[in-house]
Every structure is written in structure tokens, then in C-alpha cells.
2 protein chains.
Amino acid sequence: MKRARVTLADVAALAKVDRAVVSRVVNNDPALSIRPETRERVLAAVAQLGYRPNAAARSLRTARAHMFGLFLPDFANPVYAEIIKGAEAAAAGLGCVLVTGSSTGAGLGGYMDLLGQGRIDGLLLAGAEGESELLAQLDRMAVPWLMLNRRSPAVKRYVILDDERAARLAVEHLVGLGHRRIAHLAGPEGADTALRRSAGWRAAMRDAGLPEGPIVAAGYTPAGGAAAMAALLAAPEPPTAVFVANVASAIGAMESVREAGLDIPRDVSMVAVHDLDLASYLAPPLTTVRMPLAELGRRGVELLGSLKPDDSVAEVLDGPIELIARRSTAPPVSGGPGG
Amino acid sequence: MKRARVTLADVAALAKVDRAVVSRVVNNDPALSIRPETRERVLAAVAQLGYRPNAAARSLRTARAHMFGLFLPDFANPVYAEIIKGAEAAAAGLGCVLVTGSSTGAGLGGYMDLLGQGRIDGLLLAGAEGESELLAQLDRMAVPWLMLNRRSPAVKRYVILDDERAARLAVEHLVGLGHRRIAHLAGPEGADTALRRSAGWRAAMRDAGLPEGPIVAAGYTPAGGAAAMAALLAAPEPPTAVFVANVASAIGAMESVREAGLDIPRDVSMVAVHDLDLASYLAPPLTTVRMPLAELGRRGVELLGSLKPDDSVAEVLDGPIELIARRSTAPPVSGGPGG
DNA sequence: TCCTCATGATCAATCGGTTGAGCCTGCACA
DNA sequence: TGTGCAGGCTCAACCGATTGATCATGAGGA
């Protein structure tokens, strides 16, 4: 399928017009009017030759790459898949492509250098870690960027989900079922999302007039969840329900419950944040809080495309957050677990 | 962090040399020698101004984008996360960036058009579906491409994993444990990987002198796996072991086993292809076959970078394939399930 | 008949690097 | 003293599209 490179000049020659005309037709340039029959001739030539503009030349001239980037720490995490979906759709709506890359591994630093100047119109960063090095890199690039679902004193542009509201929803569900001893398996200490979810749990407990139950840092990993849950179950008066900061640690926590010879939800109810497909395949299917992740990606791209160079943004995404009740939550059996 | 655009000319002016010299220093051009002290001066100027070459200009002139693309159908599938990892590393080794995008959704077609000419040096396609439309698009692009782990009559360049060997390994493990009635939950009918895995199962059964057990198409989804497994268990003489084409359908299959009141591995042993993290968190942890997925991504980029325009490639990746034994497989209880 | 003006098309500079060709300079050799 | 040659730089064309400035044409008005 060898196909010679077709340029503007080829199209212009075939249509017997100047290259400028072709360019204006192709871009629907409103500044200059083109006679309809000329336009037809040009479009016919474009179609006949299969002309497609050279992106590099266009970018060079216009200083716009028509490309946004989204960097994330871990492609294996399905949370990001949702975000990517929304961001891609939004980019396509702006006539741009979204490219994703991982912000870890061989070093985001070198990777960003490769991106060079003029290759990307804006960068979305999701769940970034290794902040100082990362931010230094970003400053060296003349590229606008934005953090997704992460605040930080050093960051002036971010969009976050309402993790606090999500946490309240989870806790209110448990309270509604009759639970009073509701523990919390928190995310990594210091992680922004983790802090917000913990704050929501605390607020909801207070609002319900319940004593703040035990809170244990579990990280965002199965191993962390397993250890934290084991610790909770070993306490003299274990909780009848747990609000877990994410699904990964909930998986570990479920394992600990099983290993203790207890049953979910009979002995312990469990809710976690983010309604991943995975949640419905666990045993038992896990009750979760669904967050507007795709919306987060969409909004991120939208902002990147419209912000002025020095604008700052601090937005809490106002999307639907809902509790997806599955079989991991049920009213407490009086007497609690261990009985 | 406003920072004026720095160009070659700025660096040249500061270092008091021609732009050509700067270019040659920056690119380590071997064709022309530069005096060491001149080189020093240039590098100092580059550092002082924070110069970084404009990617668009360079691409325009050299007709190389230093960028490879990897398109995949589903970011939520952890199989691809591994492939991405390998591909990114290989690209970095070639001084290129890897960008990924999804091949489904709003339409790969429009998306590829956006990529335009000259933005990508080569494309890797993983698990592509919607073949005819896709291939038509690709033909319209003057971009070399390669399929990962998928053969097709219409495709002249691909690298595949040795799925057949993986399947044999799985079956041999079950045979080694003493199983004789080994069923197979196959992938989607017509899918290339599914066919190869089924072929491997068949060959291994034959080699072991066993009658070919029942085979049911289960797709690559939990729902498909659940349905297929339920069907198998309803048979008069159910299998004591199942080789499942992938982890997703194994998850569904496990659920069906549970719902039938049976136990894994006591009543049914189960092995699936691809050693995802997830596998070790299932209940019970799932025995899997680990395939060199990162290697596949790595090799794909490597080939893209080195192939001549009309070369074709049909390569079976020769990487390590190993069985990861977990708790979902055990010797059969004599008498089989249902007893 | 001449001038004005809108319309529709062309000209040519420009974006920022890359690279083959050509130009100095000084040294070696006859 | 003249020639040859190589090392080290500079010149300038070029990649392909965009876009402000300019030009040609014909219609409408005085």
C-alpha cells in the first residue's frame, strides 16, 4: 500500500488553484470566501489524491499540536480506564487526539523531555506521585497542565471529585442499615483522596451522632487492606461494618474476613469507593460508591482547552455520585461478629 | 512560569556560532566534526537558555516523528497494561515516546484521521476488532503498523504469543495432578487467540492419551464464563478440571461453581491464561499461565523501528511461559464432583 | 466614462530545525 | 612559493502548511 506523500501543492496543482486556496478550503477558513465551484474542485482533488495534511507542518506554523496528553501511574488500575474514556471523548470533540502515557517507570522526566516542545497542547496528570521531580519537569516545559483528583499546595490547577460526599454516602448507607460500629480502612497516609474520604467518613459519623469508630491506614492495596482488616477483627469489639477507601484494599480486607472464619455481610458489611466492574464479580459482590470518573477526564480536557496561560483552577466536579448496593452490605446481626 | 520560546537561533546567537553548528552539537551529528571548545560553548548556551528543540519543526524536516502509537480496545483490561509497559520501555530505548489510545469508542477511524500524517512513525494494534473498517483506515495512512497477538488473513505483520504452548502447559499441569476429564471454556468463536488456546488444549489431551473433553465457548467475559460453566456442571458426567481461556471468564466460571454448591478445587480444578495480579486475589487464588506480555510490547516496538516498508513479519514470540500454581488446582477427589 | 468597492484568488513570508554544498584557514609536502 | 587537503564553520535551500498583504475582476453608482 505504498502511497506517495501528497502535499498541499499536489492538490493545488490538480485543482488549478493556489495552495492558499486549498488550505482555506480544508480548514473552512471563515476569513476569506471561496466560490462554491472552486471549493468543489478543491474538495474533489483532495478526495482523489487522498490528501491529508501533514501534522508536523501544521503544528510548526500554528504552534498548536492538536494533541493532549494524559499521564497516569498505573495502566492496570481500572479507575484510570474510565478517566481515559471521558478524556478521549472530550478531546475528539475539540478535534484533538488524546494520548496517554505512564508517569512512572523509566522516569517521567526523560519521557517528558522526549515530548519536546510543541508536541502537546496540554497535559493531564492523574494520581501523580513523586511530586517534586515531576513538578520541576513540568516547569521546564512550556505546556499547560492540570492535576486530576489531587490537590497539593504546589499545584494551582486541579479538578477533584467530591470524595467527601462519596464517603458520606457510603457511611449513610451503612447507618441506614442499622450499623453503629463503622470502621474505616483509610488510603495511604498523606494521599489527598484518602484524606478526603476519611474526612467524609468522620463527618457522616458525627452527623449520625455515632462515635467515631476505629480508623486504620490500609493503603490502596490488597495486602494493606488484608493487614488492616485483620487488625480490626482482632480488636475486643470489632466493627459490624467497614467503609474501605478503595476496591483494591477491600479485596484484601474480604480475604481477611474469610480467613477469620467470618462471613460478609452477615458478620461484617463492607462498602468501598469506585464502582469498578470487578466489584460485581467478587464474592460476595461488593457494594460501592460510583463516582463520575469519565466526567473527570472530560472536564480535565475541557479546561485544558479553554484556560488562559495564567488562570488557576480549583474545581470540585459536580457530577452524580451514587451508591451501588450489592450483597456485601446488610443489616447487622444483633450481637455482632465473633458471637 | 511563563518562559519565552527559545529557538536554535537564540542559542546560536548566544554561543556566537551558526544555527547549523548548534543543530549538529545537539544531535551529535557524526558527519561533521566540531571543535571541543565550540561544543562546550554551545552546550553551555543550551543549558543557560533551557533550549529544547521544537518537535514539530524537527519532524517536518526529518519526516520522523519519534513517536510510536499503541491502540487497544480496552484500558480496563490489565493484560494491556503489561503490554504497554514493555512497549514504553522499548520506545524509550529508541529515543521515542509511546502513546496509547483506544481503538474502540468514538471510532478508531476518526481518531486515526486526527493523527494525520507525520505524527506517528508506527502503530501497534492490540486485540483489534472491527477488522475491515480498521484495516481500510490503516491503508489510507502512510504509517507502518503491526498487530499484536492476533493473526488474520488480511494482516501481513504480526507478533503473537505462543498461546498454544500456554494451553498445553495448563493441561499438562492438570494431567499431572491426575485429572482425566478436562473440559475447556473457550474464548470468543473466531478470535485468533481463542483458537490457538483451544488447539493447545486439544493437542495436550491427545498427547496425554485422553479423550477430548467437552468444549464450550465462553467468550472472554465473566457472564460468558458463568453460563458456560453452568452448562458443563449440568452434564451427566461433569469434568473434574477446566482449562479456561482467560481470567475474566474464569471469574464467572468460579461463580457458577459456587452457586452449584461445589468447591474449587475439591470438586473442580481451574486454570486460566494470563497471570494477572487479580488472579491471586480471587477466592480461591487462581492457577494461571504467565505469558511474556511486556515482552510482546517490547518486541512490537522493536520491529516497528527496524522494519523496511515492505517487509512482512509473522513471529511467534519466544519468551518464557510458565505455570503459576495457586489454590484453584488440586488432584481430583475420586468419584468426582456431585458425589 | 471613470471611480469605488466587494469578491475571490494569488503572493510570499514565516514557523524552527536539518543538511548538503561551499568557504576559509593553516599545515604538510614538493 | 605554490598546491593539496582536511578540519571546522557558515550558507541557504528545504520540509509543508498558514495567513496577512496584495492583486485582478466585474458590478454598481455618479
Side-chain angles (χ1 to χ4, degrees), chain A residues 3-43 45-46 49-66 95 114-119 121 142, chain B residues 3-43 45-46 49-66 95 114-119 121 142:
Chain A
R3 176 187 296 278
R5 293 169 89 85
V6 178
T7 72
L8 256 197
D10 300 321
V11 177
L14 179 60
K16 301 202 195 313
V17 293
D18 191 81
R19 287 162 35 228
V21 174
V22 179
S23 171
R24 290 183 160 111
V25 168
V26 168
N27 297 315
N28 277 313
D29 185 340
L32 213 47
S33 54
I34 305 286
R35 221 186 325 156
E37 61 231 53
T38 308
R39 177 183 302 276
E40 287 305 319
R41 226 170 51 241
V42 170
L43 290 176
V46 164
L49 296 176
Y51 168 73
R52 306 176 62 234
N54 181 301
R58 173 178 287 182
S59 290
L60 174 57
R61 184 59 229 249
T62 61
R64 299 247 302 112
H66 295 276
L114 289 174
L115 271 181
Q117 303 229 331
R119 200 176 283 194
D121 293 329
Chain B
R3 177 187 295 280
R5 293 168 88 86
V6 177
T7 72
L8 256 197
D10 300 322
V11 177
L14 180 60
K16 299 200 194 318
V17 292
D18 191 82
R19 282 157 45 226
V21 173
V22 179
S23 172
R24 289 180 161 113
V25 168
V26 168
N27 298 316
N28 276 314
D29 185 341
L32 214 48
S33 54
I34 304 287
R35 221 182 329 151
E37 61 231 55
T38 308
R39 175 182 305 275
E40 287 305 319
R41 223 167 55 240
V42 170
L43 291 177
V46 165
L49 296 176
Y51 168 73
R52 305 175 62 232
N54 180 301
R58 173 179 287 181
S59 290
L60 175 57
R61 183 60 228 248
T62 60
R64 300 245 303 111
H66 296 277
L114 289 174
L115 271 181
Q117 303 230 333
R119 201 176 281 195
D121 293 328

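Throughout, a chain's letter reflects where its sequence line sits, starting with A, and its residues are numbered from 1.
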Distance, nearest 0.5 Å, that separates CG of L8(B) from CG of L49(B): 11.0 Å

Numerically ordered, the residues 10-17 of chain B set in heavy-atom contact under 4.0 Å with DNA chain D is V17(B)

Does the side chain of Y51(A) get closer than 4.0 angstrom to OP1 or OP2 of dA17(D) through an N or O atom? yes

N28(B) vs R39(B), side chain to side chain contact (heavy atoms under 4.5 Å, CB included): CA-CA, chis, key distance, verdict: CA-CA 10 Å; N28(B) 276 314; R39(B) 175 182 305 275; 3.6 Å; yes

Rounded interatomic separation in angstrom, taking NE2 from H66(B) and C1' from dG17(C): 11 Å

Pick base, sugar-phosphate or nothing for I34(B), based on heavy-atom distances below 4.0 Å to the nucleic acid. sugar-phosphate

Between the protein and nucleotides 22-24 of chain D, are there any N/O to N/O pairs under 3.5 Å, and if so, what are the atom names and distances?
none

S33(A) side-chain N/O to dG8(C) phosphate OP1/OP2 under 4.0 Å: yes

Just the rounded figure in Å: distance from C1' of dT18(C) to CG of N54(B). 13 Å

For DNA chain C, whose closest nucleotide is more 5', that of D29(B) or that of R41(A)? R41(A)

What are the two closest heavy atoms between I34(B) and T38(B), and how far apart are they? CG2-CB, 3.9 Å

Over how many whole Å does the gap from R35(B) atom CZ to dA6(D) atom C1' extend? 14 Å

Rounded off to whole Å, could you give me the CZ-to-P distance for the R64(B) and dT19(C) pair? 11 Å

Hey, what do you get for OG1 (T7(A)) to CG (N54(A)), rounding to the nearest 0.5 Å? 9.5 Å

Could you pull out all donor-acceptor pairs under 3.5 Å where a side-chain atom in residues 11-27 of chain A meets a protein atom, sequence neighbours excluded?
from   : atom 1 : to     : atom 2 : distance (Å)
D18(A) : OD2    : A20(A) : N      : 2.8
N27(A) : OD1    : R58(A) : NH2    : 3.1
N27(A) : ND2    : S23(A) : O      : 3.1

Between the first and last five pairs of the helix from dT1(C)-dA30(D) to dA30(C)-dT1(D), the angle of the axes, rounded to 10 degrees: 60°

Protein-nucleotide distance (L8(A), atom CG; dA17(D), atom P), rounded to Å: 4 Å

Looking for any heavy atom pair under 4.0 Å, which part of the strands does S23(A) touch: base, sugar-phosphate only, or nothing? base

Under 3.5 Å, which N/O atoms of the protein pair with N/O atoms of nucleotides 11-14 of chain C?
from    : atom 1 : to     : atom 2 : distance (Å)
dT14(C) : O2     : R61(A) : NH1    : 2.8

What nucleic acid atoms does S59(A) come within less than 4.0 Å of, heavy atoms only: base, sugar-phosphate, or nothing? nothing

The salt bridge (Lys or Arg N to Asp or Glu O under 4.0 Å) partners of D121(A) (sequence neighbours excluded) come to R64(A)

Determine: side-chain N/O of R5(B) to OP1/OP2 of dG16(C), distance under 4.0 Å, yes or no. yes

Here's a test of your reading of the structure: between L60(B) and V21(B), which maps to the more 5' nucleotide of DNA chain D? V21(B)

Checking all strands, does N27(A) fall into the base, sugar-phosphate, or nothing category for heavy-atom contacts under 4.0 angstrom? sugar-phosphate

Quick one: pull up CZ in R119(B) and OG in S59(A) and give me the separation to the nearest 0.5 Å. 5.5 Å

